[in-house]
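Below you'll find the structure, written out as structure tokens, and then a few comments.
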Amino acid sequence: MSRSGIAVSFNLNGRTVQETVPAQQVLADFLIERGVAGVRVSCDQGVCGACTALVDGCPIATCAAFVFQVDGCDVVTVEGLSDSDDLHPMQRSFVDRFAMQCGYCTPGMVLTAVALLNRKPDPSPDDVRRWLAGNVCRCTGYASIVDAVLDAARRRHDLRERT
Amino acid sequence: MTTRTVGTAPVRTDALAKVAGAALYTVDITVPGMLHAAALRSPYPHARIVRVDAERARRQPGVLAVVTGADPAAQRTYGWYIKDQPILAGDKARYAGDIVSAVAAEDPATAMAAVELIDVDYEPLEPLSDVESALRGDAPALFEERPAGTTPRYGRGASGWIHPDKNVCYRFRYHTGDATVMSSCDHVFDDSFSFSAMQHYHLEPFVSLASVTDGVIDVWSSNQSPFSLRRELARLFDRDEDRVRVHVPLVGGAFGAKNGCKAEPVAILLAMQTGRPVRFCMTAAEGFLTQRQHSATLRLRTGVMADGTLIGRDCEVLLDAGAYADASPLVAEKAAYRAPGPYRWQYVDAAASCVLTTTTPAGPFRGFGAPQAAWASESQLDMIAHRLGIDPYDLRVKNLRELGEPYMPGDSAVDSDLRSGLAAVAEALHYHDRPRREALRTQGRGLGLAIGFKDSGGGSKPASARVTVDGDGHVTLRCGTVELGQGAHTALRQIAAEILGIPVDGIDYAPVDTASVPFDQGTYASSSSAVMARAVAEAAIDVRRQVRQALTHRDGKALGDRGRHEDHALPQDWRRLLAGQVFDASGHFEVTPDADAPLGEKCFFWEPGWGGAEVEVDSETGRVRVRRLVVCGDAGRMINPELCHGQESGSAIMGLAQALVEHRMYAHGALATHDPLSYRVTTFTDLPDELDLMVQEQGHGPGPFGAKGYGEGGMLVVAAAIANAVQDAVGARVTDLPLTPERVLHALDQGGSEPSAGAAG
Ligand code: FES
Ligand code: FES
């Protein structure tokens with residue numbers, strides 16, 4: 001294996017990252033080392049979704065991806081969801097609906113839910129359950145999260161109606 | 001009583017940070033010069049450790065220290081009543097996962113690679129994979145020498161024994177009344193149940209960061225009980241408690257698992273050896289090898305009259321404790337003491353034994369023995385009702401204890417109306433609509449009910465709090481309650497805010513640090529909103545009294561204070577009026593010992609739970625689909641309704657996990673579900689079609705404003721409610737958890753008939 005590393009260039013939350021990284025460097029580790037706290041590692045096996053980031057709009061498990069795989073991509077973590085100090089509407093709904101307890105799963109949940117609404121702006125409760133099935137939450141019993149996502153969809157819908 | 005803040009749902013004080021990825025957990029903490037630890041674990045469930053050779057690992061570049069069981073400091077032991085778990089396994093590994101050696105290195109990869117270079121010679125011994133094999137007469141003893149330990153001072157009717165038999169680390173027994181009443185019963189039903197073990201599956205792993213400077217140990221840890229941890233660490237590392245300092249930032253889920261020592265001792269040992277800070281962050285898979293729930297078998301002999309009057313109960317619980325005692329003795333106490341349920345008995349004899357096996361140590365888990373007890377007791381009640389031809393609802397109502405009636409002689413009175421919650425659940429399920437129920441049965445559907453009842457964790461649990469106001473009018477609450485996700489930091493602030501007549505965000509919650517907050521026993525057993533809340537309220541009321549005095553002094557006219565929580569007659573802008581003045585008060589709360597009370601203290605509050613389920617059973621496949629799950633509890637008074645509902649929902653779905661989804665499995669003596677990939681955890685798709693949550697506010701709680709603790713009821717009732725619903729639907733009785741399709745099919749194959757009932761007494 002080459003020790004010299006791989007040059008990568010990608011967009012992270014709106015800023016360009018250009019670095020040479022070891023071939024086997026895991027994306028989650030890379031992001032956490034650079035202070036991206038919204039990426040949280042729990043299972044480290046690609047099953048819990050706590051480490052989710054959006055790569056070109058798709059939720060992926062960063063614990064199960066290498067850095068070189070996102071070369072040329074647009075990577076968004078929860079820190080990059082909104083470009084102002086305001087919360088993204090999905091974050092707002094999570095706060096208003098108390099859709100978190102310990103909060104460890106929350107950034108991953110929010111990102112996966114954002115991706116869902118981008119695909120499917122008016123999801124049914126069942127869509128939400130199926131879409132989020134790869135994100136584990138041990139605290140909430142999930143019900144409040146489903147409510148929050150549907151609430152965010154409703155708000156987006158209302159906004160569209162008005163404009 | 002009117003309140004301004006209590007009873008409302010202001011935004012969680014940690015919500016913005018959590019949703020933005022800015023929340024700080026132990027896992028996020030780094031310090032300059034920090035080393036990383038990795039552990040070598042025994043691959044054998046039971047083995048003599050003949051030789052550990054760490055030379056190759058020590059010579060690796062980047063490796064700073066390797067500790068082994070040969071180090072006398074690593075042989076110090078910890079545990080709750082019984083101190084039997086060494087920091088590192090010494091001459092023996094007692095389960096697959098026991099830590100044999102640990103490495104500190106410059107980075108995690110070097111530490112993990114070095115672990116592979118440690119050579120260990122094991123001499124495998126006979127594994128004791130389950131309770132049955134551990135109790136066999138010719139089984140080897142897991143401990144050749146009896147470990148040190150103490151039994152607590154119990155009260156009337158209760159006793160405990162340490163290591164009463166080979167491979168039994170603790171036995172607890174509670175009895176009351178006269179056994180001869182059993183012979184006058186019309187029936188004595190003898191039924192056995194088994195309860196499977198789950199993983200806690202907290203998302204933040206077990207993680208600690210330790211540094212040792214000038215003999216003072218500083219440890220940041222994802223732990224529920226910083227002061228109890230401090231005491232244990234001070235004892236383990238032989239120093240005064242004020243030379244150990246425990247810091248706990250936000251905790252990413254605990255559910256009981258983060259009590260007592262986990263990653264801390266290894267991190268400290270390595271920090272001492274290297275003189276550098278050491279971080280030990282276990283993987284989730286290592287977490288699976290560190291702590292689990294107790295599996296159990298429960299045998300109930302219940303004496304009843306033909307009219308359904310409950311008379312007496314004998315109960316024998318066998319808990320699989322795993323390789324070390326951990327909190328098993330406490331779980332045994334609770335499982336046995338809670339086994340009668342909230343019914344009127346003339347006689348009870350309930351015992352629980354903790355059996356040592358060569359499996360992962362079992363520890364506290366949401367519900368603490370009560371889920372095991374309720375599963376058996378509430379299942380058997382339905383079985384008895386069917387056998388006697390009485391409706392299960394009526395059988396319960398006939399025998400429930402009244403509000404105000406002691407749970408057991410010498411204990412405190414039941415502080416919830418137990419019928420009202422049951423009625424609410426029955427109503428939500430249309431339980432009494434006979435024609436509808438007949439129609440449901442023709443579609444393989446049925447309804448089931450269950451009641452859960454547990455004593456609070458108020459006993460042996462002193463709590464202190466301090467409230468200060470600085471010259472700029474900043475109010476700070478200092479207490480040791482840890483934010484695990486339950487929302488305690490929000491709720492406790494609400495209580496202080498209410499009393500001081502200021503908004504919730506006008507109160508800062510000081511970082512939890514044993515050096516700067518007053519003593520608290522720990523954040524467990526849903527006790528914060530009653531026990532710690534009392535201490536917080538007392539401190540806040542004292543500050544309010546001081547503020548009034550200062551206002552009186554300033555204005556020259558007296559303001560009365562009747563010392564009541566809701567009495568908020570402070571002028572709204574008192575902080576501005578008194579700028580420059582400081583106020584400081586402490587509050588303390590502790591339940592006093594009582595030799596007459598079975599567990600040594602009267603229960604501080606009772607947490608009831610009521611559950612109901614409508615299920616549909618597919619008799620081809622045995623699959624149980626939960627169409628509707630109803631869970632209800634009594635919060636006494638809700639400090640924050642949203643937080644209460646969150647607790648209810650979380651515990652209901654954890655109960656559902658227990659009933660239908662999750663269980664640890666062993667295959668050929670090895671843990672088959674050894675990591676998140678192999679363990680089937682409950683996800684969104686497991687949610688019932690409908691989830692109906694109700695929180696009652698009966699107002700009898702002993703906490704401020706009538707609050708009780710909340711958050712475990714659902715965990716107690718869901719499994720039995722579902723099993724009872726399955727019997728109602730298709731006549732099949734499953735007595736083992738979880739209710740897998742195989743088990744349901746098997747029960748159906750038995751012709752849907754009852755397991756044989758015991759003979760008439
Ligand atoms: S930590 Fe990446 S999916 Fe669980
Ligand atoms: S809020 Fe704790 S895991 Fe989801």
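Naming convention: chains lettered A, B, ... in sequence-line order (proteins, then strands); numbering from 1 in each chain. If you're wondering where the values come from, they're calculated on a predicted model, not measured in any experiment. For the numbers below, each heavy atom of this structure counts, side chains included, while hydrogens, waters and symmetry mates do not.
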Original post:
Run the side-chain hydrogen bond (donor to acceptor under 3.5 Å, both in side chains) check on A/Ser124 and A/Asp127 step by step: do they pass?
Top reply: CA-CA 5 Å; A/Ser124 68; A/Asp127 292 332; 3.2 Å; yes
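By number of non-hydrogen pairs under 4.5 angstrom with chain B, the leading residue of A/Val78, A/Asp44, A/Leu132 is A/Leu132. Ranking B/Pro676, B/Ala657, B/Gly714 against chain A, the residue ahead of the rest is B/Pro676, based on heavy-atom pairs under 4.5 Å. Across A/Gln91, A/Met90, A/Arg130, A/His88, the residue that shares the most heavy-atom pairs under 4.5 angstrom with chain B is A/Gln91. Of the listed residues (B/Thr683, B/Leu250, B/Asp686), the one with the most heavy-atom contacts under 4.5 Å to chain A is B/Thr683. The greatest number of non-hydrogen atom pairs below 4.5 Å with chain A, out of B/Leu24, B/Thr685, B/Asp675, B/Leu656, is found for B/Asp675.
Listed by chain and residue number, B/Tyr509 satisfy the ring pair (Phe, Tyr, Trp, His ring centres under 6.0 Å) test with B/His489 (two or more places apart in sequence, or in another chain). Taking B/His200 as the reference, B/Phe365 meet the ring pair (Phe, Tyr, Trp, His ring centres under 6.0 Å) condition, with sequence neighbours excluded.
Atom-to-atom distance recorded for A/Gln101:CD and B/Gln486:CD is 8.5 Å, nearest 0.5 angstrom.
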Identify every side-chain donor-acceptor pair in residues 106-119 of chain A under 3.5 Å, counting partners at least two apart or on other chains, and give the distances.
{"unit_1": "A/Thr106", "atom_1": "OG1", "unit_2": "A/Gly103", "atom_2": "O", "d": "3.2"}
{"unit_1": "A/Thr112", "atom_1": "OG1", "unit_2": "A/Gly108", "atom_2": "O", "d": "2.8"}
{"unit_1": "A/Thr112", "atom_1": "OG1", "unit_2": "A/Asn135", "atom_2": "OD1", "d": "3.2"}
{"unit_1": "A/Thr112", "atom_1": "OG1", "unit_2": "A/Asn135", "atom_2": "ND2", "d": "3.3"}
{"unit_1": "A/Asn118", "atom_1": "OD1", "unit_2": "A/Arg156", "atom_2": "NH1", "d": "3.3"}

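For B/Ala9, the parts sitting under 4.5 Å from any heavy atom of chain A are the backbone and the side chain alike. Contacts between A/Ile32 and chain B at a heavy-atom distance below 4.5 Å are absent for every atom of the residue. Only the backbone of B/Gln199 comes within contact range of chain A, with at least one heavy atom under 4.5 Å from a heavy atom of that chain. Neither the backbone nor the side chain of B/Phe288 comes within contact range of chain A; no heavy atom of the residue lies under 4.5 Å from a heavy atom of that chain. For chain A, the nearby part of B/Val251 is the backbone; its heavy atoms alone come within less than 4.5 Å. Proximity to chain B is limited to the backbone of A/Val41, based on heavy atoms less than 4.5 angstrom apart.
Between A/Glu19 and A/Arg34, at least one side-chain nitrogen of the basic residue sits less than 4.0 Å from a carboxylate oxygen of the acidic one, meeting the salt-bridge criterion. A salt bridge links B/Lys258 with B/Glu204: the closest approach of a Lys/Arg side-chain nitrogen to an acidic carboxylate oxygen falls below 4.0 angstrom. Look at A/Asp151 and A/Arg154 and you find a salt bridge, because one of the NZ, NE, NH1 or NH2 atoms lies within 4.0 Å of a carboxylate O, short of that distance. Using a cut-off of 4.0 Å between Lys/Arg side-chain N and Asp/Glu carboxylate O, B/Asp689 and B/Arg628 are scored as not salt-bridged.
A donor-acceptor pair under 3.5 Å is formed between the side chain of A/Thr62 and the backbone N or O of A/Cys51.
Looking at B/Thr682 and B/Glu662, their side chains do bring a donor and an acceptor atom within 3.5 Å of each other.
Scanning residues 643-651 of chain B against chain A with a 4.5 Å heavy-atom cutoff picks out B/Leu643, B/Gly646, B/Gln647, B/Ser649, B/Gly650, ordered by number.
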